[in-house]
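Right, one structure below, let's go through it.
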Amino acid sequence: MIALGVILLIIGFVTGISILWTIGIILLVVGAALWILGSTGHAVAGRRHYW
């Protein structure tokens with residue numbers, strides 16, 4: 001999810017499409033939050049780890 005967010009950010013920046021930029025930021029933040037929760041041992045969506 002983090003990688004997809006970065007890809008959308010780059011595509012949105014290069015092409016100037018603001019919706020891709022916005023979706024990229026959202027995916028990046030959500031992916032980072034899930035990664036942090038998973039790495040601390042907190043169960044995410046019923047799983048012990050998230051990838």
Do Leu28 and Ile36 land in one hydrophobic cluster if side-chain heavy atoms of ILVMFWY residues count as linked below 4.5 Å?
no
Over all atoms of both residues, closest heavy-atom pair of Leu27 and Met1:
O-CG, 3.7 Å
Trp21: which of Leu9, Ile10, Leu8 passes side chain to side chain contact (heavy atoms under 4.5 Å, CB included):
Leu9
What pairs with Ile7 under side chain to side chain contact (heavy atoms under 4.5 Å, CB included), at least two apart in sequence or on another chain?
Ile11
